[in-house]
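What follows is a single structure, and I will ask about it in a moment.
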Amino acid sequence: MKSAVETLSPTRVRLTVEVPFEELRTNLDTAYREIARQVTIPGFRKGKIPPQIIDQRVGRGVVLEQAVNEAIPQLYVSALQENDVEPLGQPEVDVTNFADGAELTFTAEVDVRPDLELPDYAGLEVSVSDGDVSDEDVEEQLTGLRERFGSLSTVERAGDEGDYLTIDLAASKDGEPIEDAQATGLSYRIGSGSMLEGLDEAVRGKSAGESATFVSQLASGDYVGQDVDVTVTVESVKEQQLPDLDDDFAQLASEFDTLDELRADLRERLARSKRLQQAQEARDAVLAKLVELVEIPVPEGAVTNEVEARRDAIRHQLSHMGITEEQYLLGEKQSEEEFVADLDTRAREALKSQFVLDEVADKEETAVSEPELTQALLQRAQAAGVSPDEYIQQVVQANYVPTLVREVRRGKALATVVEKAVVTDASGRTVDLDRLQPDGTLASEDSEEAEAAEGAESAPEAAEEKSESQEGDDKS
């Protein structure tokens, strides 16, 4: 087999493959066996029909066509490997020459990752939000904790902001009740905005036994996205009583004995959370800036495939919610054209990011170790809520391992760029991401110095071992 590659554009190539007829003998034999098992010819058992009889009764052309159809995928993969081409999507194959006993020639056009010219990404400057924890932040956490341990008591007054109501809801369209939009005994907190638009305004100031009707839109069902009339009836009004903020509350709500200890713990938790948030902001900002600095052509075929994949995923999620795509778009007040255009934009940005990170990984010679791949599998299994063994089985069956390896490799490439970047917060202070641990804590500088010292101490030993090894090689 001979093959050659021709660049059609920065994102598309054409492979030309030439195969001598003799190299198709194995495929011809396989085609004869398959046809012999499929056809029925009087006087011969299935699977035992001689090739010459198949040629007479079925036709030599059918055999040749089946042999070529079987051979081309294997030959295409070999041509990719021979020319070091990594395809994006499926190829467009065209058989340009083939006859019985003659050489097979075919072409395969396929999208490929473009070659990119990366800028010097060492020292990229990005800014993230401040990571300071204010007293107000801590008090907000304390208030949320108090609300979790609060109690509700019925009051004989009109409902106000923060009160809890027991309500009944009944929706109708043009005076006709909507069967699947009737509910009783619902609990709702005024001001939460967690149900229907307009509900807060309707119930605020209402006492038990009072009703109000307002216009809103349902989130599911046959009338999703349409204006309907909703009648809400308040059954009861309850006021939340919060526990006193003292040492007794700290002991009730936590493992700490004093309120000061609880406050300190909440402050530290918030600090860890904000550090992790800064790290994520830094990754996003660095990637966005790097993509912005690189001219990245995107293959249209890959964009189309990515858009369809994203649209199918959204449809799958909506189906679990009992909503069609049309109903979803009505609820979002978005046309199909706007929806697809948004998916197109996201797909292009995602592909650009992948191309850039792949280029960085190549430049940095980034590899993925087996422990790193295992860790990625465990994390994804946990996120999916399935056992690691079950998830690994799904990954292998779907042939997803190569994709997962690429994702991990890109993640390592991005980490490398972030490590070389200059990250500051909104106040202009340098953000220390080098010491950040996965839980948001910071490794002590003493531990880093100890690791550096340990490395320095081991260097002479390593040099001595290398010298001894070299001496042994010289003697041999």
Side-chain angles (χ1 to χ4, degrees), residues 136-246 248-255 259 262 266 269-270 273 317-324 327-328 330-333 385:
E136 290 75 15
D137 293 332
V138 176
E139 293 307 313
E140 184 179 341
Q141 292 291 310
L142 278 173
T143 299
L145 198 56
R146 290 173 70 196
E147 289 176 350
R148 286 174 52 190
F149 287 87
S151 59
L152 297 177
S153 58
T154 302
V155 292
E156 300 297 330
R157 60 169 175 77
D160 201 354
E161 201 77 6
D163 286 337
Y164 286 81
L165 308 179
T166 300
I167 59 174
D168 299 339
L169 290 175
S172 62
K173 180 70 172 177
D174 299 329
E176 294 294 325
I178 301 174
E179 187 175 344
D180 59 353
Q182 315 288 317
T184 59
L186 298 176
S187 178
Y188 182 72
R189 187 180 188 185
I190 299 178
S192 66
S194 58
M195 284 191 187
L196 296 172
E197 186 176 349
L199 179 58
D200 281 321
E201 291 76 10
V203 296
R204 192 177 287 113
K206 293 292 186 294
S207 302
E210 294 184 330
S211 300
T213 300
F214 60 100
V215 176
S216 189
Q217 293 186 347
L218 304 179
S220 62
D222 295 336
Y223 294 91
V224 64
Q226 299 183 37
D227 287 343
V228 298
D229 296 319
V230 182
T231 298
V232 55
T233 301
V234 177
E235 296 296 333
S236 67
V237 180
K238 295 180 180 179
E239 183 180 68
Q240 188 176 45
Q241 304 292 329
L242 300 182
D244 292 334
L245 200 54
D246 52 24
D248 290 338
F249 170 70
Q251 295 166 20
L252 170 69
S254 70
E255 69 272 27
L259 183 60
L262 175 57
L266 290 175
R269 289 174 184 268
L270 284 168
S273 176
Q317 292 175 347
L318 293 175
S319 68
H320 282 293
M321 299 166 59
I323 303 175
T324 65
Q327 291 173 326
Y328 168 76
L330 277 173
E332 293 294 312
K333 294 182 174 63

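Only a predicted model underlies this, so the values are computations on that prediction, with no experimental measurement involved. Just so you know, residue 1 is the first one in the sequence shown, and it goes up from there. All values below were derived from every heavy atom in this structure, side-chain atoms included, with hydrogens, water molecules and symmetry-related copies excluded.
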- Item | Shortest non-hydrogen contact from A158 toward G205 | CB-O, 3.4 Å
- Query: OG/S187 to CG/L152 distance, rounded to the nearest 0.5 angstrom?
  - Reply: 7.5 Å
- E161 atom CD, over 12 foreign heavy atoms within 6.0 Å: yes
- Query: Do you know which two heavy atoms are closest between S172 and G175, and how far apart they sit?
  - Reply: CB-C, 4.4 Å
- Query: Looking only at heavy atoms, which two atoms of G193 and Y188 are closest? And how far apart?
  - Reply: N-OH, 3.1 Å
- L262 side chain near L142 side chain, heavy-atom distance below 4.5 Å: yes
- Query: Would you say the side chain of I178 lies within less than 4.5 Å of the side chain of L218, judging by non-hydrogen atoms?
  - Reply: yes
- Query: Within the side chain of R189, is there an N or O that forms a donor-acceptor pair under 3.5 Å with the backbone of D163?
  - Reply: no
- Message: Would you say that more than 12 heavy atoms from the other residues, nucleotides or ligands in this model lie under 6.0 Å from the CD of E139, or not?
- Response: yes
- Note on the structure: What one should report as the nearest heavy-atom pair of V234 and S207 is CB-O, 3.6 Å
- Hey, is CD on E179 packed in by over 12 heavy atoms from elsewhere, all under 6.0 Å? no
- Once you round to the nearest 0.5 Å, how far does OG1 of T231 lie from CZ of F214? 8.5 Å
- Atom pair CD (E201) and NZ (K206), whose distance is rounded to the nearest 0.5 Å: 11.0 Å
- Query: In terms of heavy-atom contacts, does NZ of K173 have more than 12 from other residues, nucleotides or ligands at under 6.0 Å?
  - Reply: yes
- Query: Looking at OG of S254 and CG of L259, how far apart are the two atoms once the value is rounded to the nearest 0.5 Å?
  - Reply: 9.0 Å
- Using atom types as modelled and distance alone, determine if a side-chain donor or acceptor of Q241 lies under 3.5 Å from a backbone N or O of S153. no
- Message: Looking at D246, I want to see if its CG is surrounded by more than 12 non-hydrogen atoms of other residues, nucleotides or ligands under 6.0 Å.
- Response: yes
- Item | Side chain to side chain, L186 and M195, heavy atoms closer than 4.5 Å | yes
- Message: If you count every heavy atom of other residues, nucleotides or ligands that lies below 6.0 Å from E197 atom CD, does the total exceed 12?
- Response: no
- Message: Just checking R157: does its CZ atom have more than 12 heavy atoms from other residues, nucleotides or ligands closer to it than 6.0 angstrom?
- Response: yes
- Item | Enclosure of Y223 OH (heavy-atom neighbours >12, cutoff 6.0 Å) | no
- Query: Heavy-atom distance under 4.5 Å between the side chains of I190 and D160, does that happen here?
  - Reply: no
- Mind checking whether D244 and F249 have side chains closer than 4.5 Å, heavy atoms only? no
- Item | G159 versus V237, closest heavy-atom pair with distance | CA-CG1, 3.9 Å
- Quick one: are D227 and Q217 in side-chain contact, heavy atoms under 4.5 Å? yes
